[in-house]
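Worksheet: the structure to be examined is printed underneath.
The sequence lines fix the lettering, A, B, ..., with proteins before strands; numbering per chain opens at 1.
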Amino acid sequence: MIVFSFVIDNSIEPLMTGTVANLDEGLFERIGSGDMSAFDLLYRETERAMYTYALSLTRSHDEALDLVQEAYVKVLSAAHLYQPMGKPLAWMFTIQKNLHLSKLRKSGRIVPLDTFDIENNSHFSYVEDPEDRMVLEAALTILNSEEQQIVLLHAVSGMKHKEIAETIGIGLSTTLSKYNRALKKLRRFLEERGLNS
Amino acid sequence: MNEGQLKDCLKRAVNQAPINLLETIKQQPYEKMAAHDEITRQSDEKAFTLRSNRLKPALALLSAAAVFLFAFINWQMNTRWVDSMVYLDVNPSLQIETNRRDQVIRLSGLDEVSNALIADLDYKGKDLEVVAAELLDRLVLGDYVSSSEPAILLSVYNEDPEKRDRQLSELDQAIHAYLQSLEIQPIVLTQPLDPTQTLTDYAEANQISVSKMTLIRNMILLDPELKAEDLAKLTLEQLIQVSSKVKLDLDKIIQSSDMDRIKSGDDFDDDLDEEDEIENNIDDESDDHKDDLYEHDDDDSDFDENSANDTDKDPDEDSEVDDDPVDDDKFDTEFEDEEDLGEPEVQEDADDSDVTDNSDDPEEDSEDTADPEDDIGDDVVDESDDSGDAVEDSEVDD
């Protein structure tokens with residue numbers, strides 16, 4: 001069921017139905033034929049997952065927003081070319097990843113933000129709870145890109161491990177082992193910084 | 001902090017992120033692309049991965065089926081498919097079929113006597129030598145191997161010559177060892193086998209085993225005057241007697257560690273003098289053929305009488321009384337075709353010398369025919385002159 005309470009106010013919980021991996025592929029055909037209501041629907045269904053994935057790539061809120069915006073524009077441009085292959089979200093993630101790599105190549109920056117940059121990134125100040133912010137910064141600091149994708153998509157977007165594995169194109173067992181290893185790293189990191197509760 | 005707490009923290013943090021981009025995006029100018037670029041391209045690899053993920057169960061099943069099929073075929077080839085055929089001719093004749101592991105998979109007899117001998121014998125899956133020993137046991141107990149020097153014809157067919165020779169050698173040794181333990185000194189003739197359809201047909205027509213038919217065929221190749229239908233009626237010991245009497249060079253057609261005893265042929269000579277025994281095995285109507293068998297017998301006192309009888313007869317008379325279902329000419333011709341024997345020139349020479357010379361001067365004849373092997377040798381030499389050594393080998397080998 002579509003929830004029409006689209007988030008405008010930050011205090012309102014965004015749409016997270018947990019069914020983002022089961023996105024209707026027919027939306028792309030409708031978008032391709034100029035049906036903007038279909039695009040609205042697509043956006044609402046995928047906004048948070050797209051942001052989460054972009055965050056795992058950029059490790060920066062602002063850069064993630066730019067990336068999400070560019071990715072949706074690309075979807076609008078190419079929706080009519082989309083060939084149904086079973087996992088529409090995988091295509092949208094691929095667009096984000098390709099855009100990100102393209103930007104990195106153009107800027108000459110190969111390595112993502114280092115730990116210092118992330119910990120001093122004031123853009124995460126929107127997170128009200130310092131503990132929540134600390135956990136998010138820790139996840140973006142010590143986990144590699146793939147571990148971040150798995151942990152964030154599972155925790156934030158509610159995607160199942162099998163759906164994550166199919167979407168980012170790795171095996172289920174790999175997804176599970178990386179998820180468990182990432183959680184251990186994260187827990188150890190936070191404990192070292194005195195966050196035990 | 002446990003997993004749930006970590007997940008909650010992350011979810012709260014990300015969900016608080018301000019992302020209000022919808023209107024901004026919709027206001028962005030965009031053009032419909034004519035084709036995918038490197039950013040929007042739907043990866044074939046990914047598509048393959050997705051498809052293969054869906055096909056994984058089927059592929060796994062297919063792989064398992066392939067492995068199972070391979071293992072099954074391999075097992076069949078090793079255990080169920082016939083690799084060697086071993087013939088044991090002791091009067092009766094037995095046929096043993098073995099797999100690649102030299103385990104017996106089938107055992108059959110030529111006639112009712114043979115089948116009665118192997119009845120209730122548990123042979124399946126047992127080693128060839130074990131089954132051979134069991135068969136010898138039954139042959140001894142059944143009084144089929146009664147004489148102190150029984151003749152045994154051991155023949156093996158296998159596509160691999162090395163394995164065939166190995167099996168022949170091992171079985172030969174096993175038979176000797178087993179019978180000698182019972183104070184029996186066997187004469188074991190071994191020969192490689194390559195049964196053709198013609199050989200099989202003649203064997204069936206004469207109601208003898210293919211292995212015995214092969215021995216007879218090879219004897220005829222050495223001495224074309226011998227008749228298949230006559231030889232087929234003889235026992236193995238009698239065949240050895242005949243070969244000894246006509247001085248066939250058995251070295252060329254069989255291998256035997258008992259060759260010295262075969263060539264000396266003392267016991268067999270005694271037996272051969274007792275012609276009645278042989279006559280019992282030959283039908284009356286084939287007496288003329290029997291005489292043919294002894295045409296070369298210059299050592300035997302009966303020779304003159306037999307040869308004299310021969311000389312009194314028109315050579316064509318033989319063919320008139322020959323009512324054997326198997327046509328000799330066809331037999332010879334087919335063998336010649338198979339063995340590339342060429343024209344039987346020596347046969348004509350032998351006919352001339354034997355028949356004509358015997359009537360004129362037996363002593364002179366005895367010189368001419370004292371060693372029929374010379375004629376055979378000439379035959380082989382003539383052939384080798386025409387076709388080379390390879391042909392000579394092919395005549396006497398399998």
Charged N to carboxylate O under 4.0 angstrom, Arg30(A) versus Asp24(A)?
-> no
Look at Lys126(B) together with Glu134(B) and state whether they make a salt bridge at an N to O cut-off of under 4.0 Å.
-> no
Under a 4.0 Å N-O cut-off, is there an ion pair linking Arg166(B) with Glu162(B)?
-> no
In terms of heavy-atom proximity below 4.5 Å to chain B, should Leu81(A) be classed as side chain, backbone, both, or neither?
-> both
Looking at Ala79(A), Ser102(A), Ser77(A), Ala155(A), which one has more heavy-atom pairs under 4.5 Å with chain B than the rest?
-> Ser77(A)
Greatest number of heavy atom pairs closer than 4.5 Å to chain B - which of Lys74(A), Arg133(A), Lys97(A) = Lys74(A)
Toward chain B, the part of Ala139(A) with a non-hydrogen atom under 4.5 Å = side chain
If you measure from the Lys or Arg side-chain nitrogens to the Asp or Glu carboxylate oxygens, is any gap between Glu191(A) and Arg187(A) under 4.0 Å?
-> no
Return the option, out of Leu172(A), Leu183(A), Leu55(A), with the maximum number of heavy-atom pairs under 4.5 Å with chain B.
-> Leu183(A)
Identify which of Ile39(B), Ile25(B), Asp37(B) forms the greatest number of heavy-atom pairs closer than 4.5 Å to chain A.
-> Ile39(B)
Name the member of Gln96(A), Glu128(A), Gln69(A), Met134(A) that forms the most heavy-atom pairs with chain B at distances under 4.5 Å.
-> Gln69(A)
Does Lys103(A) come within less than 4.0 Å of Glu63(A), counting only side-chain N to carboxylate O?
-> no
With rounding to the nearest 0.5 Å, note down the distance linking NZ in Lys178(A) to CD1 in Ile168(A).
-> 8.5 Å
If you tally heavy-atom pairs under 4.5 Å against chain A, which of Arg12(B), His36(B), Glu31(B), Lys26(B) wins?
-> His36(B)
Modelled atom types, side-chain donor and acceptor of Gln167(B) and Asp102(B), under 3.5 Å = yes
Side chain, backbone, both or neither: which part of Leu99(A) has a non-hydrogen atom closer than 4.5 Å to chain B?
-> both
Find the one option among Val68(A), Leu65(A), Asp132(A) whose heavy-atom pairs under 4.5 Å with chain B are most numerous.
-> Asp132(A)
